[in-house]
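Report on one structure; see the data block that follows.
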Amino acid sequence: MDMYEKVIELARRRGFIWPAFELYGGSAGFYDYGPLGAPLKRGIEDLWRGFFVIREGFCEIECPTIGVEEIFKASGHLSGFSDPLTECQECREIYRADHLIKHIVEVPDALANEEIYRVIKENDVFCPECGGDLSEIYEFNLMFRTSIGPGGKQPGYLRPETAQGMFVNFQRLLRHYRDRLPFGAVQIGKSYRNEISPRQGVIRLREFTQAEAEIFINPADKSHPRFGEVADLVLTLYSQEAQERGEAEEMTVSEAVAKGIIAHEILGYYVARTYQFLLEAGLSEDKLRFRQHKADEMAHYAADCWDAEALLDRFGWIEIVGVADRTNYDLRSHMAQSQANLTVYLPLDLPRREERLVVRPDMKRLGPLFRKGAKAVADALSALPMEELKRDPIVVVVDGERVEVDPDLVAFEMEEVEVRGEEVVPHVIEPSFGIDRILYSVLEHSYREEEVEGETRAVLALKNRVVPIQVAVLPLMDRDELSGPAEEIARELRALDLRVEYDSSGSIGRRYRRNDEVGTPYSITIDYETLEEGTVTIRDRDSMAQIRVARSEIAEKIPALLRGERGFSEAGTPLGG
RNA sequence: GCGCCGAUAGUGUAGUGGUCAUCACUAGGCGUUGCCAACGCCUAAACCCGGGUUCGAAUCCCGGUCGGCGCACCA
């Protein structure tokens with residue numbers, strides 16, 4: 001039994017992760033988060049919010065999961081996210097049609113499907129496996145398609161990433177940040193990809209949760225004011241060069257940026273924050289590395305891209321986060337698609353003076369003369385160069401028609417203007433997190449088994465920040481005189497917004513082990529000394545050590561222990577055995 | 001999508017063309033028990049779905065679904 005099997009079996013049995021729709025036979029690529037999985041996932045998301053919303057001063061938004069066609073035309077998902085496939089008529093094997101004609105056509109991407117099919121027919125391309133005839137080309141798009149409203153006329157697509165929500169709201173976000181760079185916006189939510197064959201449990205899903213930040217920066221300034229906070233952090237880096245050698249290297253963030261291994265400070269800063277976040281979520285330091293995209297792997301517009309990878313027992317190194325410098329590609333695409341102006345006006349340090357032609361059409365007279373066409377004529381005049389304006393009559397073309405304008409109707413002159421700034425399309429730094437993969441990695445990296453008195457103890461050493469059950473309340477035995485006060489303590493702790501598990505069934509040892517297995521960090525046991533002396537014991541999951549604490553102090557000490565403000569052994573009187 | 005293999009209580013499993021299917025763990029109940037999966041008694045709980053062959057199918061055959069592995073795919 002490998003780790004994956006053990007962890008997935010535990011996750012299923014104890015209610016972390018369930019295959020979805022199991023009642024009806026299930027559907028590949030969909031999973032439910034159960035009673036323990038949902039709070040664990042929320043814990044990871046909340047930890048992420050602490051890092052990428054609160055401490056960065058970014059804002060969180062929430063956009064529809066269904067998008068209109070224009071968005072995905074601009075993002076490239078409509079064309080680039082689908083593959084032209086062809087099927088062998090004999091052996092039913094499926095191929096990427098464009099891959100089959102690579103040796104014939106230099107850029108198969110540029111061809112329409114009919115053209116690819118023609119190339120295949122004209123050049124006698126057959127099935128590489130059995131030599132059979134190939135079918136016509138059909139598209140497989142990884143986006144789920146639906147239709148908006150009745151009649152099915154307006155196509156809609158389930159978003160394949162959350163990022164587009166931040167891009168299409170760029171203007172409003174910029175205004176929210178009072179027209180200043182840099183700023184960031186994030187979104188945590190579901191994305192959908194109709195994978196051809198989803199496998200490996202929650203590693204590849206058809207519906208999954210992403211946490212993405214889009215950080216809009218001045219292209220001319222890729223330094224980061226808080227770089228110093230992370231400069232000395234040592235990371236395991238697997239750079240393009242290191243991949244050639246086949247060996248990752250340890251390095252501080254500042255060294256990596258100084259040597260040009262990581263492109264610039266901002267990217268280095270977010271790689272470092274990603275590392276800190278993943279450690280706090282519960283990944284193992286020695287099973288975590290950052291791998292740089294190779295040149296051919298990186299999107300053509302990207303300046304640099306680093307994936308955080310987690311080492312999993314069965315699957316090897318798996319991508320769980322991508323941190324990319326996407327330059328201004330996304331905003332430029334949306335500018336082209338929407339015709340909107342997605343730029344920022346950046347003031348210059350020193351204003352500069354420029355000569356500029358200013359045209360002033362005399363609207364008082366143009367109006368009565370051209371009536372409805374007056375505006376179009378004025379616009380045409382304003383667009384003319386100096387030489388054209390000097391003619392008599394001035395000639396403009398409006399709606400394909402030649403219009404003559406008397407020179408008296410328009411004034412123009414060269415003016416000296418002061419330029420105080422310029423319009424810039426910001427660059428985007430995008431840390432993109434796969435929450436489901438992180439959650440699974442957290443489970444696997446937290447899982448351990450140890451021998452205790454000849455028995456195997458399974459422990460999920462989850463971090464307090466993300467753990468689903470924060471404290472268990474256990475009467476030593478299920479007797480009224482013990483369970484009464486125990487229930488009362490459970491109520492008190494719940495009143496403090498803690499997630500409490502009350503359990504009185506079976507022996508005390510069994511209940512400890514049950515809680516170890518789901519990661520409950522602390523167990524409070526109510527015994528006869530509770531009745532006589534007003535104390536309880538608190539047991540630590542990892543060490544199995546116990547301390548005795550006054551009942552009246554529980555409400556103060558448990559939250560302090562959970563926040564890590566207090567060491568366990570100092571929180572009370574140690575108990576022998 | 002293709003190929004190979006598999007699918008039996010919550011979990012892990014045994015088994016067979018012929019009585020409402022084995023065992024362990026787990027879970028629930030009662031008793032016992034003064035702190036690490038203790039013990040006794042009791043209880044609940046399964047043959048993936050559809051079709052076919054057959055007097056009879058959970059078992060054989062076909063199709064589907066799901067899972068594992070390999071190939072392909074993985075913005």
Side-chain angles (χ1 to χ4, degrees), chain A residues 1-2 4-6 8-15 18-30 34 72 75-83 85-88 90-96 99-100 127-130 135 138 140-143 160-161 163 191 193-201 203-206 297-300 302 314 318-319 322 324 432 452-459 474-479 482 505-517 523-532 536-541 543-546 548 575-577:
Chain A
M1 215 192 205
D2 66 7
Y4 176 78
E5 224 171 319
K6 280 185 183 176
I8 283 295
E9 191 260 306
L10 168 68
R12 232 190 358 241
R13 189 162 41 81
R14 297 306 307 273
W18 291 327
F21 323 122
E22 227 182 349
L23 187 61
Y24 294 106
S27 181
F30 296 98
F72 304 114
S75 71
H77 286 104
L78 208 54
S79 54
F81 212 56
S82 73
D83 299 321
L85 300 180
T86 182
E87 183 178 333
C88 172
E90 304 292 325
C91 69
R92 300 280 128 191
E93 188 67 60
I94 306 267
Y95 299 98
R96 282 280 297 270
H99 287 184
L100 292 178
C127 171
E129 281 297 313
C130 72
S135 74
Y138 62 94
F140 184 81
N141 193 293
L142 256 41
M143 282 194 294
E161 60 174 23
S191 292
R193 293 175 193 180
N194 201 359
E195 297 282 353
I196 295 172
S197 82
R199 284 209 193 155
Q200 311 174 323
I203 302 300
R204 238 166 104 209
L205 297 170
R206 288 190 164 125
E297 182 182 1
M298 207 148 28
H300 63 275
R314 180 181 287 195
I318 288 287
E319 174 194 348
S432 171
V452 178
E453 291 164 23
E455 297 270 2
T456 304
R457 183 173 88 113
V459 184
L474 316 169
L476 186 60
M477 281 170 295
D478 194 10
R479 289 186 188 155
L482 294 178
S505 80
S507 74
I508 188 69
R510 177 182 297 279
R511 283 174 277 158
Y512 286 150
R513 296 304 166 81
R514 266 205 291 248
N515 277 292
D516 289 341
E517 195 180 50
S523 299
I524 297 174
T525 306
I526 288 78
D527 55 17
Y528 283 96
E529 282 181 52
T530 309
L531 306 182
E532 289 153 18
V536 299
T537 67
I538 304 176
R539 172 187 181 269
D540 176 57
R541 173 196 66 204
S543 63
M544 301 196 296
Q546 283 179 286
R548 192 159 276 283
L575 224 66

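Labels below follow one simple rule: chain letters A, B, ... track the order of the sequence lines, proteins then strands, and each chain is numbered from 1.
Scored by the side-chain hydrogen bond (donor to acceptor under 3.5 Å, both in side chains) test, A:R457 finds A:E450, A:D516 as partners (sequence neighbours excluded). Taking A:F21 as the reference, A:F30 meet the ring pair (Phe, Tyr, Trp, His ring centres under 6.0 Å) condition, with sequence neighbours excluded. Residues satisfying the side-chain hydrogen bond (donor to acceptor under 3.5 Å, both in side chains) criterion with A:E297, sequence neighbours excluded, are A:R291. Take A:S75 and apply the side chain to side chain contact (heavy atoms under 4.5 Å, CB included) test, not counting sequence neighbours, and it matches A:F72, A:H77, A:Q164. A:E5 meets the side-chain hydrogen bond (donor to acceptor under 3.5 Å, both in side chains) test with no other residue; sequence neighbours excluded. By the side chain to side chain contact (heavy atoms under 4.5 Å, CB included) test, A:S432 pairs with A:Q210, A:E212, A:E430, sequence neighbours left out. With sequence neighbours excluded, the residues satisfying side chain to side chain contact (heavy atoms under 4.5 Å, CB included) with A:R204 are A:E195, A:R437. A:D478 pairs by the side chain to side chain contact (heavy atoms under 4.5 Å, CB included) definition with A:S483, A:S504, not counting sequence neighbours.
Between the CZ atom of A:R514 and the P atom of B:U26 there is a distance of 9 Å, rounded to whole Å. Rounded to whole Å, the distance from CD1 on A:I524 to C1' on B:C35 is 15 Å. The interatomic distance linking A:R511 (CZ) with B:G34 (P) rounds to 13 Å, in whole Å. When rounded to the nearest whole Å, the span between CD1 of A:I526 and C1' of B:G34 equals 14 Å. Look at CG on A:D527: it is 10 Å from P on B:C35, rounded to the nearest Å. Rounded to whole Å, atom C1' of B:C35 lies 6 Å from atom CD1 of A:I508. In this structure, A:D478 atom CG and B:C30 atom P are separated by 8 Å, rounded to whole Å. Nucleotide B:G34 holds its P atom 17 Å from the CG atom of A:L575, rounded to whole Å.
Along RNA chain B, the nucleotide nearest to A:R539 and the one nearest to A:R479 differ in position, and the one closer to the 5' end is contacted by A:R479. For the pair A:E319 and A:Y4, both in contact range of RNA chain B, the more 5′-proximal nearest nucleotide belongs to A:Y4.
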Protein N or O to nucleotides 38-41 of chain B N or O, pairs below 3.5 Å:
{"unit_1": "B:A38", "atom_1": "OP1", "unit_2": "A:R510", "atom_2": "NH2", "d": "2.9"}
{"unit_1": "B:A38", "atom_1": "OP2", "unit_2": "A:S507", "atom_2": "OG", "d": "2.6"}

Between the protein and nucleotides 45-51 of chain B, are there any N/O to N/O pairs under 3.5 Å, and if so, what are the atom names and distances?
none

Report, one pair per line, the protein and nucleotides 3-11 of chain B atoms (nitrogen or oxygen only) whose separation is under 3.5 Å.
{"unit_1": "B:U11", "atom_1": "O2'", "unit_2": "A:E9", "atom_2": "OE2", "d": "3.0"}

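As rounded to the nearest Å, B:C5 and B:U43 have C1' atoms that lie 38 Å from one another. Annotation: B:G70 and B:G52 have their P atoms spaced 38 Å apart (nearest Å). For the P atom pair drawn from B:C62 and B:C25, the interatomic distance equals 39 Å after rounding to whole Å. Nucleotides B:G15 and B:A9 place their C1' atoms 15 Å apart, quoted to the nearest Å. Between the C1' atoms of B:C69 and B:U33, the separation comes to 49 Å (whole Å). Taking atom C1' in both B:U65 and B:C49, the straight-line distance is 7 Å, to the nearest Å. If you take atom P in B:U16 and the same atom in B:C60, they sit 10 Å apart, rounded to whole Å. Look at the P atom in both B:C47 and B:U22: the space between them is 13 Å, to the nearest Å.
The main-chain N or O of A:R514 is found under 3.5 Å from a side-chain atom of A:R14 such that the two form a donor-acceptor pair. Looking only at distances, no side-chain donor or acceptor of A:N194 sits under 3.5 Å from a matching main-chain atom of A:N141. Remark: side-chain polar atoms of A:R548 are not paired, donor with acceptor, to backbone N or O of A:L575 under 3.5 angstrom. In this structure, the side chain of A:R511 engages the main chain of A:L476 through a donor-acceptor pair within 3.5 Å.
Counting any heavy atom pair closer than 4.0 Å across all strands shown, A:S75 reaches no nucleic acid atom. In this structure, A:T537 reaches the bases: a heavy-atom distance under 4.0 Å links it to at least one base atom across the strands shown. Counting non-hydrogen atoms under 4.0 angstrom, A:R314 reaches the backbone sugars and phosphates but no base.
Shown here for A:R206 and A:A28, the closest heavy-atom pair between the two residues is NH1-O, 3.0 Å.
Using a 4.0 Å cut-off between a side-chain N of Lys or Arg and a carboxylate O of Asp or Glu, A:R13 and A:E517 qualify as a salt bridge. With respect to the salt-bridge test (charged N to carboxylate O, under 4.0 angstrom), the residues A:E455 and A:R513 do not qualify.
Taking only distance into account, the side chain of A:E195 never meets the base of B:C74 through a donor-acceptor pair shorter than 3.5 Å. A:S197 contributes a side-chain N or O that forms a donor-acceptor pair with the base of B:A72 under 3.5 Å.
Paired regions of RNA chain B, where each region holds three or more successive Watson-Crick or G-U pairs whose two hydrogen-bonding distances fall under 3.5 Å, are B:1-7 with B:65-71, B:10-12 with B:23-25, B:27-31 with B:39-43, B:48-52 with B:60-64.
Nearest nucleotide to the side chain of A:T525, out of B:C73, B:C36, B:C35: B:C35.
At a threshold of 4.5 Å between non-hydrogen side-chain atoms, the residues A:R539 and A:L474 do not count as touching.
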